[in-house]
Number of protein chains: 2
Amino acid sequence: MKEKELRRSLAVLPIGTVMKLTNLTARQIRYYESQDLIKPERSDGNRRLYSLNDIDRLLEIKDYIDDGLNMAGIRKVFTQKQLEQEQFKERLNKSLTDDDVRKILHDELLRQSGFRQVKLLTNSQTPLQKPF
Amino acid sequence: MKEKELRRSLAVLPIGTVMKLTNLTARQIRYYESQDLIKPERSDGNRRLYSLNDIDRLLEIKDYIDDGLNMAGIRKVFTQKQLEQEQFKERLNKSLTDDDVRKILHDELLRQSGFRQVKLLTNSQTPLQKPF
DNA sequence: TCAATGATGTCATAAAACATAACATCATTG
DNA sequence: CAATGATGTTATGTTTTATGACATCATTGA
């Protein structure tokens with residue numbers, strides 16, 4: 001999936017392509033940029049370069065405008081969304097490391113047990129075991 | 001899936017984007033066009049416009065060149081491939097219409113049976129009926 | 001070997017696309 | 001009604017692209 005993410009964030013589309021893909025005018029697209037709703041990269045010759053993710057974002061902006069939001073409102077929505085996104089990733093990370101710990105623990109115990117059958121009530125460090 | 005096909009054949013990418021996406025020079029891309037290996041659309045202002053399918057095709061061309069084929073060879077490969085594609089579709093179509101016939105026949109019989117067990121050899125103009 | 005061919009590079013020129021900034025328009029709202 | 005927000009329009013300068021001509025360099029067939 002990392003491959004796909006990369007493609008989607010590859011900034012290669014000039015503003016003309018973006019216009020066709022979003023049905024927005026260049027004026028609108030640049031204005032949204034001036035309002036910090038989107039931040040395209042630049043080519044060597046200073047041309048704006050957009051990614052597929054940028055396209056998605058512009059379409060999202062269009063939707064919000066249709067819903068009656070103004071630039072400030074959309075900006076808020078985006079920063080809020082980003083916050084949630086970060087929190088989600090953080091939680092995901094945490095749970096993953098917890099899982100790692102569990103896995104490590106499991107392997108450790110497995111090694112200690114020497115692959116013998118688990119006996120309950122042996123002196124203290126009785127290894128847990130899961131049938132694979 | 002029709003949606004995706006549409007997107008993939010949407011010609012919106014100018015040659016500069018194609019260069020970045022394929023690592024080919026403009027000279028090469030235009031040359032392959034002059035050799036009938038690819039046929040991009042044109043904008044109102046006569047700029048070449050490529051689709052994602054075109055990108056794929058150009059990458060394919062690159063591969064064939066790496067394999068030692070020349071333009072004529074690649075052209076042959078493509079026309080051959082197209083032939084096979086057409087035959088495949090034809091066969092697919094045929095099988096589909098056969099399937100349609102079967103389905104229609106089945107519905108017909110079902111209707112004639114009036115949801116009773118299908119009895120062969122009844123003459124019966126039994127009224128049609130659809131559940132719900 | 002040598003000339004022909006194939007693939008690509010490079011250069012020149014004109015046209016199209018783009019960037020930026022300034023001013024115009026038009027609706028909404030305090 | 002004046003201020004603000006969103007977008008259109010116009011002007012000017014830069015970058016990209018199209019096309020055609022000529023250059024280079026490797027391969028190949030006679």
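Lettering of chains follows the sequences in order, A, B, ..., and the numbering in each one begins at 1. Atom set for the values below is all heavy atoms of this structure, side chains included, hydrogens, waters and symmetry mates excluded.
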| query | Given that B:Gln35 and B:Asp44 both sit by DNA chain C, which one's nearest nucleotide is further toward the 5' end? | reply |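 So the residue in question is B:Gln35.
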| request: Using heavy atoms to find the nearest nucleotide of DNA chain C for A:Pro14 and B:Ala72 separately, return the residue whose nucleotide is more 5′. | output: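 Checking each residue's closest nucleotide, the 5'-ward one belongs to B:Ala72.
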| request: May I ask you to decide if B:Thr25's main-chain N or O and B:Gln28's side chain share a donor-acceptor pair within less than 3.5 Å? | output: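 Present.
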| field | Sidechain-backbone polar pair: A:Thr17 side chain, B:Val12 backbone, donor-acceptor under 3.5 Å | value |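 Judged by distance alone, yes, a pair lies under 3.5 Å.
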| message | Does A:Arg7 have more than 12 heavy atoms from other residues, nucleotides or ligands lying within 6.0 Å of its CZ? | response |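 Atom CZ in A:Arg7 is not packed in, count stays at 12 or less.
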| task | Mark yes when over 12 heavy atoms from residues, nucleotides or ligands other than A:Glu84 sit less than 6.0 Å from its CD; otherwise mark no. | result |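 Yes, because the 6.0 Å sphere around CD of A:Glu84 holds more than 12 heavy atoms from other groups.
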| task | Map A:Ile65 and B:Tyr50 onto DNA chain D by nearest heavy atom, then report which one ends up closer to the 5' terminus. | result |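 Going by which nucleotide is closer to the 5' end, it is A:Ile65.
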| message | Here's a test of your reading of the structure: between A:Thr25 and B:Asn46, which maps to the more 5' nucleotide of DNA chain D? | response |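 Its nearest nucleotide lies further toward 5', so the answer is A:Thr25.
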| request: Please state whether the base of D:dT16 and the side chain of B:Arg47 form at least one donor-acceptor pair under 3.5 Å? | output: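 Such a pair exists between side chain and base.
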| query | Are the charged groups of B:Glu3 and B:Arg8 less than 4.0 angstrom apart, N to O? | reply |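 No, this pair does not count.
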| message | Categorize B:Arg30 for me: base, sugar-phosphate, or nothing, with a 4.0 angstrom heavy-atom threshold over every strand shown. | response |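 Contact class for B:Arg30: base.
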| said: Show me the pairs that pass salt bridge (Lys or Arg N to Asp or Glu O under 4.0 Å) and involve residues 39-52 of chain A, at least two apart or across chains. | reply: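 Non-adjacent pairs meeting salt bridge (Lys or Arg N to Asp or Glu O under 4.0 Å): A:Glu33-A:Arg42, A:Glu33-A:Arg48.
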| chain B footprint on DNA chain C, 5' to 3' - any atom under 4.0 Å from a heavy atom |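 So the contact region on DNA chain C extends C:dG6 to C:dA17.
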